[in-house]
Every structure is written in structure tokens, then in C-alpha cells.
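To start, the structure itself, in C-alpha cells.
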Amino acid sequence: MRTVRTSEQITHDVIAYLEPALREATSRLSEPVLHMTEYHFGWVDADGRPSTPVGFRRRPALMSLLCAGSSEEAWDGVRNAAVAGTLMSAAGTVHDDIIDRELIRKGRATLWNAFGVPAAIQVGVALHCLAFELLAAEEPRVAVELSRRAALAVRECCSGQIRDLESEGSSRMSLRDSLDLLERTIALPTAGVCLVGAVVRGASDAEVAAAERFGYHAGMAMAFFDDWEGVWSRSRDSLEDSLADLRRRKSRAFVAHALRSRGPARDQLAAFYDDSGEPHPDQLAQVAALVAACGGRTWLETRIREHVRLAGQALPDAVRDPAARAELAVFLDAITDELP
């Protein structure tokens with residue numbers, strides 16, 4: 001068995017492998033959607049000049065490819081579906097940026113900020129359509145199953161996005177509702193991309209179910225880590241909009257847990273979330289401290305480790321290829337590396 005790569009090496013190799021197929025797929029798009037898509041993926045600047053993509057991780061493709069196996073043959077078999085998953089993820093990001101009014105992504109203006117909201121909406125729709133076009137090219141049985149799962153994931157994400165918007169500026173969102181939001185927008189889609197790798201390689205029903213279980217817990221771990229990274233990571237200051245969720249008063253699960261506590265710190269935290277004024281940057285650091293004082297940070301770190309552990313337990317039944325299984329374990333373990 002080959003030497004297991006680091007998490008960074010795995011990500012680099014996935015991007016290098018997938019990029020030609022992703023470019024080939026997007027070349028089907030007509031102008032001006034093609035140019036705007038190339039801009040979103042970092043291949044060109046707003047004026048169409050070639051540029052170098054920065055900061056992409058390609059998590060959906062990584063999960064699909066490694067759940068299929070570690071060989072070139074295994075990756076080639078799932079490549080088309082992995083590209084489709086990448087396109088769906090990109091479509092979601094384009095629409096998320098509009099909803100959240102994000103101005104910057106990967107060090108440059110977001111798509112809507114560069115080309116306008118109406119155009120960006122249409123690009124997101126076109127990317128979803130192109131993804132389903134690719135899935136339709138699979139063997140009929142696989143195409144039907146993957147298309148059905150993808151449609152389910154997209155519509156559940158839509159429900160989650162609406163609930164996410166409704167949670168802003170209120171301390172009343174329950175912990176269960178906050179967790180349900182994460183499941184709809186992150187965990188279930190991640191379970192879906194892991195299922196892709198299993199279905200395309202012809203896995204048994206038990207292996208497919210295990211791949212879904214692995215993906216669900218991996219997705220929850222990554223979602224919780226993204227929450228933690230945005231507030232307490234040592235690299236937080238390098239993020240494009242650090243403390244963004246606190247600033248927008250989004251009721252994330254770790255905040256909902258903190259609001260279940262009692263005492264003056266909890267009351268101050270609730271007052272902040274029920275306010276509607278624009279918070280000062282210094283106030284956000286105080287809010288982070290209040291969340292930690294109310295147990296939100298400890299709860300979040302515990303949940304990250306718990307879901308990494310549960311994903312690891314599902315992995316032996318989900319992926320039969322020992323090299324792929326080992327590298328998924330490395331990728332999982334890297335999620336907790338920065339935690340105290």
C-alpha cells in the first residue's frame with residue numbers, strides 16, 4: 001500500500017485531478033454564464049484575464065473520490081459525478097453569498113458583487129442544471145439514484161437557508177432547530193457526496209448506508225469546525241470576514257446551547273442577539289467571550305470530536321479500499337488538529 005498522504009497533499013491532489021474535468025464540463029456553458037463561472041472558480045478575473053485560483057478545498061469531490069477508492073481507475077469511474085457535486089456546491093455558494101451579502105470570497109469580489117445579483121442568481125441556476133446534465137450521463141440505474149439524491153439535497157438546503165435567515169437577530173432559535181439547520185445544509189449534502197462514491201463503484205447496500213453515515217458525521221464535524229474556526233481559531237484574523245456569524249447574529253448551535261445556560265452572562269448574550277443595531281468589532285470579541293463563559297465553546301469542541309469519532313467508526317464499513325480508508329481517516333483527524 002502506498003504511503004498515506006497528509007490532508008494538505010490529499011486536497012492538492014484532488015484539485016489537480018479534478019480541475020481538467022471541471023473545466024471541460026463548464027465549457028458547455030454559453031456566454032455570459034461561462035465567463036462568470038470561470039470567474040467564480042478563480043480561473044479568470046472580472047475582465048477575463050487568466051488568474052490563479054486561491055483557497056479552494058474541493059471537499060465534496062474529495063469525499064466522493066476517496067469513498068470510491070484510491071486507484072486511478074476508481075477515481076476515473078466517479079469523476080463525472082464528483083464534478084457534478086462540485087458544481088452543485090458552487091451553485092450553493094453563489095446563492096449563499098447573495099443571501100448573506102458577502103462582498104469578498106477567496107480574496108476577490110464575490111460573483112454578485114462583481115456582476116450583479118440578477119446575473120449571479122442565473123449562474124447558480126445554470127450550475128445546478130449542468131450538474132444534473134452530468135448525472136444524466138451515468139449508467140441509467142446510477143443516474144436515477146444520484147439525481148434523486150441530489151434533488152433531495154438541494155431542496156433540503158433551500159429549506160435550511162430560509163430557516164437560517166429567520167434565525168438572524170433572535171435568541172429564540174432552539175438547539176434542536178439549530179442542529180436541524182446544520183443537518184439540512186451541510187451534513188445531508190456531505191452524506192450524499194460520500195454515497196456517490198459508493199454507488200458508482202457498485203457497493204453493497206450495507207456499504208452505501210455506511211458511506212452515508214460516514215458522510216453525515218464528517219459533514220457535522222466540518223460544519224462545527226467551521227463555526228469554531230470563525231470565532232476561536234488562531235488563523236481567524238486571516239479569514240475574509242471573521243466573526244461574521246456573530247456580527248449577523250446567526251443563531252448557530254453553539255450559541256443556542258450557550259443560551260440554554262443561566263446567569264448574567266447568558267442574559268447579556270440574549271440581549272445582544274435580540275438587538276438589531278450594527279455591532280462594533282470590539283463588541284464581537286466580548287460576545288465570543290460570553291458564548292465561551294456560557295459553555296458554548298466547550299460544547300462545540302466536544303461535538304467536533306464526537307462526530308469525528310462517529311465518522312471514524314463508520315469508515316471501515318463504508319470504504320473497502322485500505323489506502324482510501326486511511327487517507328479519509330487522516331483528513332478527518334486533521335479537523336481536530338487545531339482544537340485545544
Side-chain angles (χ1 to χ4, degrees), residues 1-15 17-18 57-82 85-86 89 138 141-142 145-146 149-150 152-153 179 182-183 186-226 228 300-339:
M1 186 174 72
R2 71 176 184 219
T3 303
V4 175
R5 296 168 289 184
T6 66
S7 178
E8 292 78 10
Q9 289 169 334
I10 296 167
T11 299
H12 175 273
D13 290 350
V14 165
I15 291 173
Y17 172 80
L18 196 71
R57 291 187 282 191
R58 298 282 187 267
R59 282 174 173 173
L62 185 152
M63 293 291 196
S64 292
L65 292 170
L66 286 177
C67 281
S70 64
S71 69
E72 183 177 351
E73 180 182 7
W75 281 27
D76 288 348
V78 78
R79 178 175 54 201
N80 180 67
T86 301
S89 177
E138 295 288 338
R141 179 189 61 82
V142 173
E145 179 64 10
L146 295 187
R149 298 277 187 159
L152 171 63
L179 291 171
L182 275 187
E183 289 176 349
I186 305 294
L188 294 179
T190 307
V193 297
C194 291
L195 170 146
V196 164
V199 169
V200 172
R201 69 173 165 84
S204 67
D205 289 345
E207 288 175 320
V208 170
E212 279 194 284
R213 195 162 61 250
F214 164 76
Y216 171 86
H217 290 297
M220 290 297 285
M222 288 187 287
F224 280 138
F225 177 78
D226 289 345
W228 183 88
L300 184 57
E301 291 167 356
T302 300
R303 298 287 80 73
I304 295 169
R305 292 189 172 95
E306 175 187 31
H307 282 288
V308 167
R309 177 180 59 80
L310 291 171
Q313 288 179 354
L315 193 50
D317 295 326
V319 180
R320 67 177 70 155
D321 183 308
R325 192 164 59 238
E327 292 190 333
L328 281 168
V330 167
F331 182 77
L332 268 181
D333 290 342
I335 297 173
T336 61
D337 282 351
E338 200 179 340
L339 299 183

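- In this structure, the side chains of Ile335 and Phe224 stay at 4.5 Å or more apart for every pair of heavy atoms.
- Atom-to-atom distance recorded for Cys67:SG and Leu315:CG is 7.5 Å, nearest 0.5 angstrom.
- Rounding to the nearest 0.5 Å gives a distance of 9.0 Å between CD1 of Ile15 and CG of Leu62.
- The salt bridge (charged side-chain N to carboxylate O under 4.0 Å, His left out) contacts involving residues 189-213 comprise Arg149-Glu212, Arg201-Glu207, Glu207-Arg320, where partners must be two or more places apart or lie in separate chains.
- Side-chain atoms of Tyr17 never come within 3.5 Å of backbone atoms of Leu65 as a donor-acceptor pair (strictly under, hydrogens ignored).
- Ala218 and Leu332 make their closest contact through CB-CD2, 4.0 Å (heavy atoms, listed as atom of the first residue, atom of the second, distance).
- Between the Thr336 side chain and the Leu339 main chain, no donor and acceptor come within less than 3.5 Å of each other.
- Taken to the nearest 0.5 Å, the CD atom of Glu327 stands 8.0 Å off from the CG atom of Asp13.
- Here Arg305 contributes atom CZ and Arg309 contributes atom CZ; the two are 12.5 Å apart, rounded to the nearest 0.5 Å.
- Side-chain atoms of Val200 and Ser64, non-hydrogen and from C-beta on, never get closer than 4.5 Å to each other.
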task = Determine, stepwise, if the pair Trp75 / Leu66 fulfils side chain to side chain contact (heavy atoms under 4.5 Å, CB included).
result = CA-CA 8 Å; Trp75 281 27; Leu66 286 177; 3.9 Å; yes

Stepwise side chain to side chain contact (heavy atoms under 4.5 Å, CB included) test for Leu195 and Leu146 = CA-CA 9 Å; Leu195 170 146; Leu146 295 187; 4.0 Å; yes

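- For Ser89 (side chain) and Gly85 (main-chain N/O), no donor-acceptor pair under 3.5 Å exists by modelled atom type.
- Applying the salt bridge (charged side-chain N to carboxylate O under 4.0 Å, His left out) test to residues at least two apart or on different chains, the pairs with a partner in residues 62-77 are Asp76-Arg79.
- Of all heavy-atom pairs between Gly215 and Thr190, the closest is O-CG2, 3.3 Å.
- Across all non-hydrogen atoms, the minimal contact from Pro189 to Ala153 is CA-CB, 4.4 Å.
- Partners of Leu188 according to the side-chain contact (heavy atoms from CB on, under 4.5 Å) rule, which considers only residues two or more places apart in sequence or in another chain, are Tyr216.
- Here the straight-line distance linking atom CD of Glu306 with atom NE2 of His217 works out to 8.0 Å at 0.5 Å rounding.
- Not one N or O on the side chain of Arg5 forms a donor-acceptor pair closer than 3.5 Å with the backbone of Ile10.
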task = Would you sort out whether Val308 and Phe225 count as a side chain to side chain contact (heavy atoms under 4.5 Å, CB included), showing the intermediate values?
result = CA-CA 10 Å; Val308 167; Phe225 177 78; over 6 Å; no

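- The two atoms that bring Ala61 and Leu18 nearest to each other are CB-CD2, 3.4 Å, heavy atoms only.
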task = Could you walk me through whether Cys194 and Val319 pass the side chain to side chain contact (heavy atoms under 4.5 Å, CB included) test, one step at a time?
result = CA-CA 10 Å; Cys194 291; Val319 180; over 6 Å; no

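- Interatomic distance, CZ of Phe214 versus CE of Met63, reported as 4.5 Å (0.5 Å rounding).
- Annotation for Ala223 and Ile186: closest pair CB-CG2, 3.7 Å, computed over non-hydrogen atoms.
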